[in-house]
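For clarity, every value in this text was computed on a predicted model and none was experimentally measured. Read the numbers this way: they start at 1 and go in the same order the structure lists the ligands and their atoms. Heavy-atom basis, side chains included; hydrogens, waters and symmetry copies ignored.
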Amino acid sequence: MAEGSGGMEPSIRNRIYLDNAATTRMKEEVLQEMLPFFCETYANPSAIYGFAGEAKRAVRLARERAAALIGAKPTEIYFTSGGTESDNWALRGVAETYADRGRHIIVSAIEHHAVLHTCQYLERQGFSVTYLPVEEDGKVMPGTLKRAMRPDTILVSVMVANNEIGTLQPLAALSGIVHEKGALFHTDAVQAYGHVPLPVQELGIDLLSASGHKLGGPKGVGILYCRENLRLLPLLHGGAQERGRRAGTLNVPGIVGFGKAAELAGETLPERMERISALRDHLIDSVLAKIPDTRLSGHRQDRLPGNAHFCFRDIEGESLLILLDQQGICASGGSACASGASEPSHVLAAIGLPNDLARGALRLTLSEETTREEIDVTAETLKEIVGRLREMKVGP
Ligand SMILES: Cc1ncc(COP(=O)(O)O)c(C=O)c1O
């Protein structure tokens, strides 16, 4: 087993964690910045007495940091309970606000369930939804979107990067088509915020969802970026927090943690992308070289720096995950939300993978803490496990 970074408790040292798309380890600096806001500076930032001032200032700083990472204004950032809420709010909010202009929405077929299930809900409310097909590499073709646009289209939602296969989408080309037709463009950036540059203005993004726990921040806190001067009805009704758009007492420690994680991510983004992409490529090359009948899913280059996704022919993904776990390797068969459910992934179906390949899916997602030694151990372990499983299947 690989010896990871020194100085950590043994259980962490002996584990190879390659499921960073499911969640990341919260950074120590993030925790330190959050801690005072639990038991010391615990005032409600909406209060007017002086004691609330520090919490108020901390929320303001977090908003500035969250905005800076995507070149947005702080007033364009709304704190939420995470990616799921932000996606729900963007879709339901736009649908309700602009229903008088049209009732047609377009999303890609490979969106996260936070988007897809919200679309199903909206269909039940009388909206019509087009689910755009994607190419074999997971890309949405601008021409496909162009053909799907209708005079009554009010919103298009295409994720920055897919959570299973990591494919990055041509956002600027897509948003250009959307705006030409006078509709709004939302993107689910939960896997991408803090991992790839996302200049919202250059990319023509009107609404963007992100989540703290995917970039070394806490769980249960996210943002919705909503372009200035855009009308958007609230999803949650109640108090006047977040300028009357998102009710509920602010999760001050979580928001502070989100802001710190965003700041740290911004400071290291280019070097981190380069280092993690190189490790990812080493992993992809090693696995494809060592293990026959293996297919890389997604686009070879246009993918998240930390994402490698393979399909092994004649392998049951679940057995693979269990055997990897026995070797201390944490991996996933697809999205964290889908694991446990044995249905084939809608993403792999959409890229046209036949079931015999889709069943043997494995997602390995790296972080800045991943070492080359961990990658080498993982590739070697995989080779041994896949070989063993295939032998068992063929019999003596
Ligand atoms: C692409 C994508 N969207 C939305 C979500 C949901 O985010 P959260 O866990 O913050 O609710 C996830 C979580 O895995 C995701 O990967």
Side-chain angles (χ1 to χ4, degrees), residues 17-26 30 66 77-92 107-121 131-132 134 138-140 157-169 171 186-196 198 205 207-225 235-236 246 248 251 254-255 257-258 261-262 265 297-298 303-309 330-341 345-348 350-351 361 363-367:
Y17 183 75
L18 290 174
D19 201 15
N20 287 282
T23 199
T24 57
R25 191 168 78 84
M26 203 172 78
V30 171
I77 301 294
Y78 297 87
F79 286 109
T80 66
S81 64
T84 301
E85 183 190 326
S86 299
D87 283 344
N88 272 258
W89 184 14
L91 274 88
R92 289 178 61 172
V107 301
S108 88
I110 59 169
E111 294 301 306
H112 189 270
H113 284 135
V115 167
L116 292 180
H117 290 170
T118 304
C119 285
Q120 287 166 13
Y121 164 81
Y131 299 90
L132 285 183
V134 297
K139 291 247 187 198
V140 173
S157 179
V158 176
M159 66 209 313
V160 180
N162 183 262
N163 48 300
E164 291 185 38
I165 59 174
T167 301
L168 294 163
Q169 299 294 350
L171 295 189
H186 166 253
T187 191
D188 174 337
V190 169
Q191 291 291 338
Y193 178 88
H195 298 285
V196 295
L198 284 172
I205 296 166
L207 297 132
L208 174 148
S209 308
S211 178
H213 71 106
K214 308 287 188 181
L215 67 149
K219 295 169 180 62
V221 61
I223 56 162
L224 181 67
Y225 156 81
L235 178 70
L236 300 182
R246 198 276 185 182
N251 167 11
I255 289 170
F258 187 106
S297 327
R303 63 189 308 130
L304 282 170
N307 174 291
H309 186 287
C330 304
S332 157
S335 66
C337 323
S339 57
S345 135
H346 68 284
V347 176
L348 300 184
I351 61 170
R363 180 185 72 182
L364 300 170
T365 45
L366 290 61
S367 80

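Which parts of ligand 1 touch T84 is read off a 4.0 Å heavy-atom cut-off, strictly below it: atoms 6 (C), 7 (O), 8 (P), 11 (O). Residue M159 approaches ligand 1 through these ligand atoms, each under 4.0 Å from one of its heavy atoms: 1 (C). Close contacts between ligand 1 and D87 involve ligand atoms 3 (N), 4 (C) [criterion: under 4.0 Å to a heavy atom]. The ligand atoms of ligand 1 that sit less than 4.0 angstrom from a heavy atom of K214 are 13 (C), 14 (O). Each of the atoms 10 (O) of ligand 1 lies under 4.0 Å from some heavy atom of G82. The atoms of ligand 1 that sit less than 4.0 Å from any heavy atom of S211 are 8 (P), 10 (O).
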Start with the C-alpha distance between T118 and N88, add both sets of side-chain angles, then the distance that settles side-chain hydrogen bond (donor to acceptor under 3.5 Å, both in side chains), and finish with yes or no. CA-CA 6 Å; T118 304; N88 272 258; 3.2 Å; yes

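The only option from V196, L366, T365 that meets the side-chain contact (heavy atoms from CB on, under 4.5 Å) definition with P305 turns out to be V196.
Contact annotation: H213 has at least one heavy atom less than 4.0 Å from an atom of ligand 1. Note on ligand 1: H113 sits outside its first shell, no heavy atom being nearer than 4.0 Å.
At a threshold of 4.5 Å between non-hydrogen side-chain atoms, the residues Y131 and L116 count as touching.
Aromatic ring pairs are classed by plane angle as parallel below 30°, tilted from 30° to 60° and perpendicular above 60°; the pair Y193 and F258 is tilted.
Relative to atom 1 (C) of ligand 1, the option among D188, N162, N88 with the closest non-hydrogen atom is D188.
Every residue was checked against the salt bridge (charged side-chain N to carboxylate O under 4.0 Å, His left out) condition with E111, not counting sequence neighbours, and none meets it.
Put simply, the side chain of T167 never gets that close to the backbone of R303: no donor and acceptor are under 3.5 Å apart.
The NE2 atom of H186 sits 6.5 Å away from the CG atom of L208 when rounded to the nearest 0.5 Å.
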